[in-house]
Amino acid sequence: MATLIKSKLSNVATSVSNKSQAKVSGVFARLGFQTATNEEALGFAQCDDLDYEYRQGLQMDILKGDEESGQAGDVGLGDSHYQRDGAGAAAGPADGAGVGLPLSTSKDTEPCTKLAAQDKPKITAWEAGWNVTNAIQGMFVLGLPYAILHGGYLGLFLIIFAAVVCCYTGKILIACLYEENEDGVLVRVRDSYVDVANACCAPRFPRLGGRVVNVAQIIELIMTCVLYVVVSGNLMYNSFPNLPISQKSWSILATAMLLPCAFLKNLKAVSKFSLLCTLAHFVINILVIAYCLSRARDWAWDKVKFYIDVKKFPISIGIIVFSYTSQIFLPSLEGNMKSPKEFHSVMNWTHIAACILKGLFALVAFLTWADATKEVITDNLPSTIRAVVNIFLVSKALLSYPLPFFAAVEVLEKSFFQEGRIAMFTNCYGSDGKIKSWGLALRCVLVVLTLLMAMYIPHFALLMGLTGSLTGAGLCFLLPSLFHLKLQWRQLQWHHVFFDVSIFVIGSICSVSGFIHSLEGLIEVYDTNTSD
């Protein structure tokens with residue numbers, strides 16, 4: 001009798017255990033962590049999915065009834081598989097009448113921010129190309145002949161090399177935004193440079209990488225804005241030297257014209273400025289190259305040499321690198337494209353065009369003035385031509401300013417005002433998606449801040465070399481290659497690993513040497529001004 005009772009109890013326990021194991025296996029199989037190993041688990045997973053579909057079907061019927069009656073109800077969960085893939089909607093209605101889904105503790109972005117991102121107008125591949133061209137064909141080409149002065153043929157090689165490397169690192173940075181799902185399809189699981197950095201530092205330091213990238217981005221973007229103000233004041237002062245207006249006063253006038261940038265709402269508006277900026281850039285190139293060709297008989301080919309100025313060439317490296325920095329804009333541009341699959345072709349033709357134009361511009365300008373080449377090449381032009389070219393350059397600088405300014409504003413707003421429970425300040429946007437008055441005032445303060453920095457750091461080439469060495473090399477070379485190795489290691493082939501490691505090593509050397517020599521150059525200039 002005891003043996004029979006014991007046997008029945010054992011059978012019951014075994015049955016319960018098998019059912020529990022089947023349920024656990026089925027749940028894990030449905031979530032994709034492991035496959036079920038027996039028929040019971042597969043059957044449970046199938047029944048569970050059918051139950052999901054039944055419940056979601058009821059929910060969808062309820063939602064359809066609410067829509068037909070015109071009542072604003074709660075947002076439904078939608079299709080279960082869509083939600084489980086992580087792409088479902090997580091926000092309420094735009095007018096704020098409805099109640100959105102509760103935010104997960106792992107999500108730091110507020111519902112209105114996500115909805116605003118969905119409502120932003122998309123840009124075409126051409127518009128994305130204008131923005132990339134604006135970033136890499138900016139005012140910084142004016143310092144490239146100065147880089148040839150100290151680097152010779154090696155400087156020309158670096159212009160080509162930097163274009164190839166920056167194009168490659170831009171592509172691998174975007175690749176880090178994607179991961180393959182269970183069906184082998186690439187899905188965008190990250191939205192920004194910061195998200196990529198946080199993913200690399202997780203789980204031990206889940207926010208350290210994002211903070212480092214945020215600081216580097218803010219420095220890079222604000223210093224870019226400062227450079228546009230510096231070059232605007234410098235160009236206007238040299239164009240009209242007889243007027244009783246100082247370089248700082250010209251910078252103030254330029255900043256006053258830039259205050260409307262505080263009202264920018266989206267990349268669609270910025271793209272229009274980028275298009276006009278690109279057109280102005282081509283006019284400038286044609287004017288300068290035409291003048292240089294008119295003096296082709298006097299070109300000093302013997303001045304272009306293979307040796308380099310060991311002390312000043314690292315500054316040239318920073319200038320060349322800084323002239324190609326666009327990585328901080330790329331995640332936002334690619335995410336706002338109507339057809340993201342065209343991103344690689346956009347990167348290819350923009351960098352090929354930039355490489356050809358920059359190399360031609362730098363070589364022709366240096367051959368014309370040789371050792372007399374100045375930091376800003378337009379200062380070498382005769383006064384009559386200089387005034388015309390400088391007016392176009394100032395227009396280009398003012399049209400280039402909105403792109404880095406808008407990007408800097410987005411980084412600052414997301415970091416300090418829109419990060420949900422970890423934000424340092426209250427949200428700068430209202431429930432209707434419009435920026436509040438004090439948020440608009442802070443944008444104006446940021447414009448004025450770029451003016452103040454431009455007035456106290458007026459040396460264009462040295463400042464560009466310092467910024468390029470400090471943040472440009474890190475954001476363009478070091479971090480993309482490091483993140484690519486970390487996040488895509490299993491999919492990488494040996495030549496990808498070789499490229500990433502080589503770029504990281506070379507970028508580290510160039511960054512350190514360029515930063516040291518640029519800093520020494522600035523200190524030397526300030527010491528000279530102080531003694532005078």
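Below, all heavy atoms of this structure are taken into account, side chains as well, without hydrogens, waters or symmetry copies.
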Q | Thr368 and Trp299 side chains, donor-acceptor separation under 3.5 Å | A |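 There is such a pair (donor and acceptor under 3.5 Å, judged by atom type) between the side chains of Trp299 and Thr368.
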
Q.
Do Asn285 and His281 pair up side chain to side chain, a donor and an acceptor below 3.5 Å, judged on atom types alone?
A.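 Yes.
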
Counterpart residues, salt bridge (Lys or Arg N to Asp or Glu O under 4.0 Å), relative to [X] (two or more places apart):
X: Asp371; result: Lys303
X: Glu342; result: none
X: Asp298; result: none
X: Arg211; result: none

Q) Under 3.5 Å, side chain of Asn390 to main-chain N/O of Leu235, donor-acceptor pair present? A)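 Indeed, once roles are kept as given, a pair shorter than 3.5 Å links the two residues.
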
Q: Check for a donor-acceptor pair, side chain of Thr224 on one end and backbone N or O of Glu220 on the other, with a separation under 3.5 Å.
A: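 Yes; judged by distance alone, with no hydrogens or angles, the pair exists.
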
(Q) Between Arg188 and Glu334 (salt bridge meaning N to carboxylate O under 4.0 Å), is one present in this structure? (A)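 Counted as a salt bridge, because a side-chain N and a carboxylate O are separated by less than 4.0 Å.
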
**Q.** Partner residues of Phe405 under the ring pair (Phe, Tyr, Trp, His ring centres under 6.0 Å) criterion, sequence neighbours left out
**A.**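 Only Tyr401 meet the ring pair (Phe, Tyr, Trp, His ring centres under 6.0 Å) criterion with Phe405.
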
Q: Return each pair, listed once, that meets salt bridge (charged side-chain N to carboxylate O under 4.0 Å, His left out) where at least one residue sits in residues 472-484; pairs must be two or more places apart or across chains.
A: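 Residue pairs with at least one partner in residues 472-484: there are none.
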
Q: Go through the steps for Lys272 and Glu127 under the test salt bridge (charged side-chain N to carboxylate O under 4.0 Å, His left out), then give the verdict.
A: CA-CA 8 Å; Lys272 297 177 181 178; Glu127 289 173 328; over 6 Å; no

